[in-house]
Structure formats: C-alpha cells, structure tokens
Amino acid sequence: MSSMSNATAIAHPNIALVKYWGNRDDRLRLPAMGSISVTLAALSTRTRVSFDGGDEDRLILNGQAASEEARQRTARLLDLVRGMAGARGGALVESVNDFPTAAGLASSASGFAALALAATRAAGLDLGPRELSILARQGSGSAARSVFGGYVEMHRGERSDGLDSFAEPLASESALPLEVLVAVTEEGPKERSSQDGMALGRASSPFWDAWVSGAEADVGRMRASILAGDLAQVGALAEESCLKMHAVMLSTRPALIYLREASVAVILRVRALRKEGLPAWITMDAGPQVKVLTSPDRSAEVVAAVEAVPGVLRLIRSGLGPGVALVARDRTA
Ligand code: PMV
C-alpha cells in the first residue's frame, strides 16, 4: 500500500449459549452447525492496525511479540483484507486484551472481530456488518458473532463459498436481562486450539454425528426461548448444549479434558443453587473457566455462593455488551 493508514477497533468476547464445535469446511471455517451467543460488556480487546508497508506482518499482543503461530493466523486474515482492497505491504497489529488470553475466555472471538474491523478500515474498505462477520469468521468461527452486541445468532449456511454463513443480531438485552459471571479457575493459556480440537472430534468421537445432527433443533429452541424471555429455558438449554459439547470433547481421541477440579465444583454448586430456588446455570468453552448465567436481580446471591467455591480465583461479572466499534481512524495519503 502506498499510503500509510491505521485504524483502531474495540470488540467484546462472546459466550455461546448454543455451542459451535465443528466445521463443514476447515479452510473457510464454515461451521457444521449454527450457534447462539451473548456478547459480554465487561471484557474487551482493543486492536490497532497500521499498514506501514513492512516486509512482513507483525503482531504485538499485550505489549509483547506474539508467537509465530498467532502471527501467521493474523497474517492470513490480513491477506484476505489486502486481497479485497487490492493492497500490498505488511501491517503492524497491536492488540491488548483486558482478560487472560486463550484460556477459554474466547480472546480469539473479540480479537478477530476487532482485527477485521480495524484492518478493513485501515485498508480503506467500509464493509457492511454481514461482510464483516463473514470476514471475522475466517479468523475464528466465534469471532463472526462478536461483530454484534446483545443476543446473536450465527447461521450455519449451506453455500460452499460461505456467503450465507454469518452472524446477525437476534435480540437486545431488554428481551431477556442476563448477567454472566465468569469463574476464573486457571489463568494459563490453553494447550490446543479450538480448531484442532474440533477436527480431532470429527475424526474420532463416536458421538460426533449425533452432536451435529441435534444442533439445529437446539438453535431453534434457544432462539424461541430468548425471544419469549424465558430465562429458565435459556439457562437449561445452555447448560445442556455445553455438557453435550464436553461429552464430545471427552470422547475425542486423544481426549480433550477442559474440566478441572474447580470447574466441576462450580458446576455442582450451581446445580445445588437451583435446588435452593436460585436462577443459575453453567456453561463452559474450550478451557477451565466456568461461566454462570443468572438473572441480574438475583446475581448478588449467586456471586456470593460461587466465589466461595474452593479453587475459584476470581469472578468477573458482566452484562451484555455492544458489537465491534471503531475507535479511531487516521488515513494520510
Ligand atoms: O472460534 P473458535 O475457533 O475459538 O471456536 C469456539 C469454540 C467454543 O468457544 C468452544 C464454542 C463457541 O461456540 O464459542
């Protein structure tokens, strides 16, 4: 690119209520199933992209040079942006998370949503939300959902080019007020990427076909429950989808065991809280943290109970947040 240009975007991670775990096309990251998520207000990723014409793309993550693997994954998304813009030349990408990276807190979702917006704007492109979601999906499947705020639905799509595989807003927080408590049980990075894990699952889990074929019905039930404002149904379905995904993970060879002692302790405590009449349900992703879904007007009691579980290091409380947004843009010819 002949001109020097940069842009900065902020995106929030999302937590899936109906999980995405499996692709119908690995290269384009076309999901084998739709999914539904909530975008979290309390956590964020801020990413600045500057096309500085260097020989190679560079990635600085939380102030340090990122791994070669992360750099290459970023460069692949930048290649798509350069292709669309008819541009050349490397970029400097500086990204900061205010939460643990790659520990099951979906940093790739907020990271690639912020990267997709910042990079396209820095390259002089102005994509619509759907095109941005399609682009972000190619960096991380769940990133397609972080383009939007509130309750978000990701469509599986049928096309082989992926043009019908994007996320869309489903409902705002007012449809169903929700608080998400992230019980942090471990701060370290995860060992294996979600993409590798789901490919292994497809190749080896005896439960794979049942998992994939049940997903569309789960999405339909969750969509209806959100739109009906039925927290008890939303919570029950979210917990069910998460436990089914972990059954697939546990039955993958080699087994993907993300549950830790503290994770199981939180799960059991939350199930006991429900018996005591509190609205609380769990969900987990490809990491040891447990997210507890609850009603904002009962959350103080749930917070106190979950904080007291041995092995819970800290609790992050979040309401639902907005979609990806541009912070600053500076394009000098
Ligand atoms: O977007 P990826 O490749 O990190 O996959 C996300 C997978 C889960 O977080 C486990 C589930 C989901 O739907 O977010």
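Every heavy atom of this structure was used, including side-chain atoms; hydrogens, water molecules and symmetry mates were not. Each ligand, and each atom within it, is numbered from 1 in the order the structure gives.
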Asker: Compute whether any side-chain donor of one residue and acceptor of the other, for Asn97 and Thr45, lie under 3.5 angstrom apart.
Answerer: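 There is such a pair between these side chains.
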Asker: Closest approach of Val266 and Ala183, non-hydrogen atoms and distance?
Answerer: CG2-CB, 4.4 Å
Asker: Compute the shortest N/O to N/O distance between Lys19 and ligand 1 and return yes if it is under 3.5 Å, no if not.
Answerer: no
Asker: For atom 6 (C) of ligand 1, which candidate among Tyr258, Tyr20, Phe112 provides the closest heavy atom?
Answerer: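 Closest candidate by heavy-atom distance is Tyr20.
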Asker: Hey, which atoms in ligand 1 end up nearer than 4.0 Å to a heavy atom of Ser194?
Answerer: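 In order of number, 2 (P), 3 (O), 4 (O), 5 (O).
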Asker: Going by atom types only, do Thr185 and Arg260 share a side-chain donor-acceptor pair under 3.5 Å?
Answerer: no
Asker: Decide whether Ser299 and Arg317 meet the rule of one side-chain donor and one side-chain acceptor closer than 3.5 Å.
Answerer: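 Judged by distance alone, the side chains do pair up.
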Asker: Can you name the atoms of ligand 1, numbered from 1 with element, that are less than 4.0 Å from a heavy atom of Trp21?
Answerer: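 Those of ligand 1 that fall under 4.0 Å from Trp21 are 7 (C), 10 (C).
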Asker: Please lay out, stage by stage, how Leu17 and Tyr151 fare under the test side-chain contact (heavy atoms from CB on, under 4.5 Å).
Answerer: CA-CA 9 Å; Leu17 303 178; Tyr151 292 89; 4.1 Å; yes
Asker: For ligand 1, which atoms have a heavy atom of Asp285 less than 4.0 angstrom away?
Answerer: 8 (C), 9 (O), 10 (C), 11 (C)
Asker: Please determine whether residues Leu326 and Phe148 belong to a single hydrophobic cluster, defined as Ile, Leu, Val, Met, Phe, Trp and Tyr linked transitively by side-chain heavy-atom distances below 4.5 Å.
Answerer: yes
Asker: Considering both backbone and side-chain atoms of Ser35, is one of its nitrogen or oxygen atoms within less than 3.5 Å of a nitrogen or oxygen in ligand 1?
Answerer: no
Asker: Indicate whether the side chain of Ser140 and that of Arg29 have a donor and an acceptor atom separated by less than 3.5 Å.
Answerer: no
Asker: Just which atoms of ligand 1 are under 4.0 Å from any heavy atom in Gly141?
Answerer: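 Contacts of ligand 1 toward Gly141, numbered from 1: 1 (O).
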Asker: Side chain or backbone of Arg145 under 4.0 Å from ligand 1, or both, or neither, by non-hydrogen atoms?
Answerer: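 Answer for Arg145: side chain.
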Asker: Regarding ligand 1, does Ser140 bring an N or O atom to under 3.5 Å of one of the ligand's N or O atoms?
Answerer: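 In this structure, Ser140 places an N or O atom under 3.5 Å from an N or O of ligand 1.
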Asker: In ligand 1, which numbered atoms sit nearer than 4.0 Å to a non-hydrogen atom of Gln195?
Answerer: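 The atoms of ligand 1 under 4.0 Å from a heavy atom of Gln195 are 3 (O).
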Asker: Could you list which atoms of ligand 1 come closer than 4.0 Å to a heavy atom of Ala16?
Answerer: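 Numbered from 1, ligand 1 contributes 12 (C), 13 (O), 14 (O).
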Asker: As an exercise, identify every atom of ligand 1 less than 4.0 angstrom from a heavy atom of Ser108.
Answerer: 4 (O)
Asker: Below 3.5 angstrom, do we get any N/O pair linking Ser142 and ligand 1?
Answerer: yes
Asker: Could you tell me whether the side chains of Asp98 and Ser44 share a donor-acceptor contact shorter than 3.5 Å?
Answerer: yes
Asker: Any side-chain heavy-atom pair from Val93 and Leu78 closer than 4.5 angstrom?
Answerer: yes
Asker: Contact between ligand 1 and Met198 is defined here as a heavy atom of the residue under 4.0 Å from a ligand atom; is it met?
Answerer: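 Yes, Met198 has heavy atoms under 4.0 Å from ligand 1.
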